Amino acid sequence: MKEFKRIHRKTVYEGAILQFCEDEIVTPKGNRVTWDYLEHKGAAAVIPVMDDGRIIMVRQWRNAIDKFTLEIPAGGRDWADEPTIQCAARELEEETGYKSENIEFLQTIVPAVAYSGEKIDVFVAFDLKKTEQHLDPDEDIDLELFDINTLIDMIVNNVINDSKTIASILTYYHKYCFK
């Protein structure tokens, strides 16, 4: 296997959730190159499944694309080694106002392999119990319920275009619904 070797990483900017870095890399041919890298402490997402099979989705404003999106609940870890199942359970209640004692791991997603180390562990939550939302001060989230076939149609028709949501819903469909 060819070997790429990072010989130096310099943090150029540190924000609230990301660090922008420059990596100096030596390629297998011996070339020295500089690559951009976004450091992220990781995140978790969850597919909340109601007893009737409908899935709770969150509609929220996303500044980076200047529009509202329809997504599965998700959020960043509070600290780098926070267990992602704990993060997923917290985000489930914060964003949807539901809790679950029945949360299963689904998959790990790496949304931007070319320039970011962010990993999102995705879970599925069953046996939901109603509590109340605990939104962060910058969040304004509306909940919407959909059956899986409607969500698949929304993905195919480019209504849902968030990568973690697309990958997660399609994996959920294949694992739990597809016969």
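In this chain, numbering begins with 1 at the start of the sequence shown. What you see is a predicted model; the values in this text were computed from it and never measured.
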NZ/Lys130: more than 12 non-hydrogen atoms of other groups inside 6.0 Å: yes
Joint hydrophobic cluster, Leu38 plus Tyr13, side-chain heavy atoms closer than 4.5 Å: yes
4.5 Å side-chain heavy-atom contact, Asp51 and Leu128: no
Derivation and outcome, side chain to side chain contact (heavy atoms under 4.5 Å, CB included), residues Val58 and Leu143: CA-CA 5 Å; Val58 296; Leu143 305 181; 3.7 Å; yes
Atom of Ile103, atom of Ala89 and distance for their closest heavy-atom approach: CD1-CB, 3.9 Å
Side chains of Val33 and Thr27 in contact at under 4.5 Å (non-hydrogen atoms): yes
Ile148 side, atom CD1; Ile169 side, atom CD1 - distance, nearest 0.5 Å: 5.0 Å
Residue Phe105 excluded, over 12 heavy atoms near CZ under 6.0 Å: yes
Under 3.5 Å: donor-acceptor pair, side chain of Glu139, backbone of Asp136: yes
Note: Arg90-Asp78 ion pair, threshold 4.0 Å (strictly below): yes
Flag side-chain contact, heavy atom, 4.5 Å: Lys164 against Val122: no
Sub-4.5 Å side-chain heavy-atom contact between Ile109 and Ser168: yes
Derivation and outcome, side chain to side chain donor-acceptor pair (under 3.5 Å), residues Glu118 and Ser116: CA-CA 5 Å; Glu118 179 184 15; Ser116 177; 4.7 Å; no
Donor-acceptor pair, side chain of Arg77 and main chain of Gly42, under 3.5 angstrom: no
Which atom of Asp147 lies closest to which atom of Thr150, heavy atoms considered: OD1-N, 2.8 Å
Sub-4.5 Å side-chain heavy-atom contact between Ile120 and Pro111: yes
Aromatic plane relationship, Tyr172 with Phe126 - under 30° parallel, 30 to 60° tilted, over 60° perpendicular: tilted
Verdict with supporting geometry, Ile141 and Leu135, side chain to side chain contact (heavy atoms under 4.5 Å, CB included): CA-CA 8 Å; Ile141 292 175; Leu135 298 176; 3.8 Å; yes
Rounded distance (nearest 0.5 Å) linking atom CD of Gln107 with atom CG of Asp121: 9.5 Å
Any donor-acceptor pair under 3.5 Å from Gln133 side chain to Glu95 backbone: yes
Shortest non-hydrogen contact from Lys2 toward Pro28: CB-CG, 3.7 Å
Side-chain donor or acceptor of Asp52 paired with backbone N/O of Arg54 under 3.5 Å: yes
Smallest separation among heavy atoms of Cys87 and Gly75, with atom names: SG-O, 3.4 Å
Validation row: Leu170, Ile152 side chains within 4.5 angstrom (heavy atoms): yes
Lys99 NZ: over 12 foreign heavy atoms closer than 6.0 Å: no
Inter-residue atom distance Met154.CE - Ile166.CD1, 0.5 Å rounding: 11.5 Å
Where Glu71 and Thr165 come nearest, the two heavy atoms and their spacing: CA-OG1, 3.3 Å
Test side chain to side chain contact (heavy atoms under 4.5 Å, CB included) applied to Val46 and Thr96, step by step: CA-CA 11 Å; Val46 60; Thr96 70; over 6 Å; no
Path from Leu106 to Ile85 over hydrophobic side-chain contacts below 4.5 Å: no
Atom pair CD1/OH of Ile47 and Tyr176 - distance to nearest 0.5 Å: 8.5 Å
From CZ (Phe123) to CD (Glu104), nearest 0.5 Å: 11.0 Å
Stepwise side chain to side chain contact (heavy atoms under 4.5 Å, CB included) check, Ile160 with Leu151: CA-CA 8 Å; Ile160 295 174; Leu151 289 172; 3.8 Å; yes
Any Ile72 side-chain heavy atom under 4.5 Å of Met57 side chain: yes
Heavy atoms from other residues, nucleotides or ligands near CG of Asp140 exceed 12 (cutoff 6.0 Å): no
Single-linkage hydrophobic cluster, 4.5 Å side-chain cutoff, Phe4 and Ile7 together: no
Straight-line distance of Lys129 NZ to Glu93 CD, nearest 0.5 Å: 13.5 Å
Verify same cluster id: Val156, Phe146 (apolar side-chain graph, 4.5 Å): yes
Common cluster, Ile56/Val159, ILVMFWY with side-chain heavy-atom separation under 4.5 Å: no
Side chain to side chain, Trp35 and Arg6, heavy atoms closer than 4.5 Å: no
